[in-house]
Every structure is written in structure tokens, then in C-alpha cells.
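Values in this document were obtained by computation on a predicted structure and should not be read as measured data.
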Amino acid sequence: SERLINKFNFDSFELIIDNQTRYRNTRIYKKIPHKYYVSPCLNYFLSKPFFLIKRSKSITYRIVNYLNKIKNISEKPDYNFKIKKAFLDKAIRLIDADKKYIGFSITSGHKNRNKEINLREIIKIANYFSNNYIPMFFVEDKYKKLKNEIKKKVVNSYFPEEQVSERFKKPIFVTALGSLTKFNLSIDNGISHMLSFSNNKNFIIYNDFSEKFRPLGENNIIYNCNLNGISIDEITSEKIINLINKNI
């Protein structure tokens, strides 16, 4: 912690937010010099200042509720996010004004966890809507094999991030693109949170733990496979298409 703080031109942090709950990790992070420290570990017992408060199931609310307690206020996360003009303008230039688009985020950063919809079903969904919409995919360049398969099997598939320089390959650009679609379909991943700031309608499919990890924006339609007696890798395109058609 001493080496870390020496990299900055101040002696301590005003606030450290530690959103994980492992006791050992929290004790290590708390050694970093600070004025305020917020962690849901042990029901906030290691936080500074400490208040007795019930830990929310939602990871986002765990921190928001505690900050509210410190400030003696009652605020909710604000998803009315203004997208930086340069990124929104770039996204608009990549979208044909005469066509309509839908967004897809289908990859998970945790390959050892069951979070992804079967690709065969994703292809069926994309092709179902391709008569009226351009299926736009938010997929990183490292997934070359996946992208090539989608390009072969999905009619009019579009990967807009292939058209931009590294300068624009940032989370805010995904938010900008997601704001220009009819709707977006995602799984439990980081991109679902980027899309939640787009002020657009987002369908997010969870295998489980939706109450813990879901974005809190009002435009998100959440489907929890576990609560519906199915695994995410077994959910059919028909179920997802019906969910979308009922809510657009």
C-alpha cells in the first residue's frame, strides 16, 4: 500500500470502494491510506465509518445504500447518462439512417461459468429478426472464430467495432451504439451494464443470480433461467423471441 500511494501526489484516498466480500482481500485493501472505506464484507463491519445495515442482494445497491447511510440521503443510481459527443457522432456515422438495427452481446468473460446462450439459438434469433432489422454484434476482435461463424450463418450481420480505430474501442462506444438500436439482447456480462446506460430497451438473459448482478436501469427486461426451471445453455430461441415480441 505504501508503494501504491507513492505513485500519487497525495497522502491518502478520500474514499475507497471495495465491492468484494472476501475477508482476506478486504483486510489487504484497507491498508491503503484512506479517509472513508466502504466494503460489504462481513455486513460492512470493516467499513469506515461503520453503520449497522442489512446487505442488499444487489451488488450495486450494496454500495449505494451504504453511501446513502453515510450522507443521510436516499438516492438511486442515475442511468440518464449523457454520451460523449465524439463517440455518439462516430456511432451515428456507422448506422444507416434508412435501416433499423438490433444489438447482440453474447460472450462471457467467465468461460468456467455457464452464462452463454447456445450459439445455434442466437443464430436463429438473429435470422428471425433479420427481415426487419440489421443484427449488430458487440463481440471483441479476439473471438475471430465466433465472428466468422456468425458472418457465415446470420443474414446481414454487422460488427461496427471493426470499422473504428483503437481510440473508439471503449465501453462508452458500446453505449453509444446500443442507444441507436430498436433493442438489445445480452447475457450476464459487462456489456449488459454498458448497454443499460443507453436509455434503450435491453433484454438480459441470466442463468442465475439476476438479483445480484442485474443493472438497475428501468429499461432492462430480465429473464432468469433458474427461476424458470431451465439452464441458459438449454434455453430455446422460441422462448427468447416470445419474450422480445411481448415487450417491444
Side-chain angles (χ1 to χ4, degrees), residues 4-5 8 10-23 25-88 91 103 105 109 138 170-181 183-184 186-206 208-224 227 247:
L4 174 64
I5 205 68
F8 302 94
F10 49 84
D11 297 325
S12 67
F13 287 91
E14 184 76 13
L15 168 66
I16 295 176
I17 295 177
D18 169 18
N19 213 5
Q20 56 85 55
T21 56
R22 293 181 183 273
Y23 175 76
N25 291 355
T26 301
R27 289 299 300 270
I28 292 171
Y29 299 149
K30 198 175 180 184
K31 290 180 180 290
I32 301 171
H34 60 273
K35 181 177 180 181
Y36 297 103
Y37 186 88
V38 179
S39 170
C41 181
L42 298 179
N43 271 340
Y44 306 96
F45 182 73
L46 296 175
S47 296
K48 179 184 176 183
F50 168 68
F51 295 100
L52 191 61
I53 181 175
K54 185 178 179 181
R55 192 174 73 190
S56 171
K57 289 183 179 180
S58 165
I59 283 182
T60 302
Y61 270 136
R62 287 177 186 177
I63 297 301
V64 171
N65 290 346
Y66 204 81
L67 293 173
N68 280 339
K69 187 76 173 179
I70 291 174
K71 299 288 290 182
N72 194 27
I73 58 177
S74 181
E75 296 285 346
K76 293 183 178 180
D78 185 3
Y79 280 82
N80 292 316
F81 183 77
K82 185 175 181 180
I83 302 169
K84 194 172 182 180
K85 186 176 185 300
F87 288 88
L88 184 58
S105 173
F138 309 115
K170 293 180 172 60
I172 186 63
F173 188 58
V174 174
T175 305
L177 289 166
S179 71
L180 302 174
T181 62
F183 63 84
N184 302 295
S186 181
I187 58 172
D188 173 17
N189 59 17
I191 290 180
S192 70
H193 290 272
M194 301 174 201
L195 293 172
S196 70
F197 286 97
S198 68
N199 287 319
N200 205 348
K201 186 166 288 187
N202 304 298
F203 297 88
I204 309 176
I205 312 299
Y206 282 79
D208 201 356
F209 303 113
S210 59
E211 287 305 308
K212 182 176 182 180
F213 294 112
R214 63 181 292 173
L216 301 178
E218 295 179 357
N219 292 334
N220 300 311
I221 293 98
I222 306 297
Y223 185 93
N224 188 319
L227 296 179
N247 290 281

Looking only at side-chain N and O atoms, does [Y] offer a donor or acceptor that is under 3.5 Å from a partner on [X]?
{"X": "T26", "Y": "D18", "value": "yes"}
{"X": "N184", "Y": "S105", "value": "no"}
{"X": "N200", "Y": "T181", "value": "yes"}

Could you check whether atom [atom1] of [X] has more than 12 heavy atoms from other residues, nucleotides or ligands sitting under 6.0 Å from it?
{"X": "F50", "atom1": "CZ", "value": "yes"}
{"X": "K57", "atom1": "NZ", "value": "no"}
{"X": "K30", "atom1": "NZ", "value": "yes"}

*Hey, can you tell me if F197 and Y79 have their rings parallel, tilted or perpendicular (30° and 60° cut-offs)?*
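Geometry flag for Y79 against F197: parallel rings.
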*asked:* For S210, run the side-chain hydrogen bond (donor to acceptor under 3.5 Å, both in side chains) check against N224, D188, N220 and tell me which one passes.
replied: N224
*So T21 and R62, side chain to side chain contact (heavy atoms under 4.5 Å, CB included) or not? Walk me through it.*
CA-CA 11 Å; T21 56; R62 287 177 186 177; 3.9 Å; yes
_As a quick check of understanding, evaluate side chain to side chain contact (heavy atoms under 4.5 Å, CB included) for I172 and F81, giving each step before the final call._
CA-CA 10 Å; I172 186 63; F81 183 77; 3.2 Å; yes
What I'd like to find out is whether the side chain of [X] reaches to under 4.5 Å of the side chain of [Y], using heavy atoms alone.
{"X": "F173", "Y": "M194", "answer": "no"}
{"X": "R55", "Y": "P40", "answer": "yes"}
{"X": "R214", "Y": "I204", "answer": "no"}
{"X": "D11", "Y": "I5", "answer": "no"}

Distance from [X] atom [atom1] to [Y] atom [atom2], nearest 0.5 Å?
{"X": "I221", "Y": "I205", "atom1": "CD1", "atom2": "CD1", "value": "10.0 Å"}
{"X": "E211", "Y": "S58", "atom1": "CD", "atom2": "OG", "value": "8.0 Å"}
{"X": "F138", "Y": "T175", "atom1": "CZ", "atom2": "OG1", "value": "9.0 Å"}
{"X": "F213", "Y": "Y206", "atom1": "CZ", "atom2": "OH", "value": "8.5 Å"}
{"X": "S47", "Y": "I70", "atom1": "OG", "atom2": "CD1", "value": "7.5 Å"}

*Listed by chain and number, what are the side-chain contact (heavy atoms from CB on, under 4.5 Å) partners of Y23, not counting sequence neighbours?*
R27, C41, L42, L46
_Assess the residue pair N202 and S192 against the criterion (side chain to side chain contact (heavy atoms under 4.5 Å, CB included)); give the C-alpha distance rounded to whole Å, side-chain angles, the decisive distance to 0.1 Å, and a yes or no._
CA-CA 8 Å; N202 304 298; S192 70; over 6 Å; no
*Please step through ring-ring contact (aromatic ring centres under 6.0 Å, His included) for the pair F13 and Y36, ending with a clear verdict.*
CA-CA 8 Å; F13 287 91; Y36 297 103; over 10 Å; no
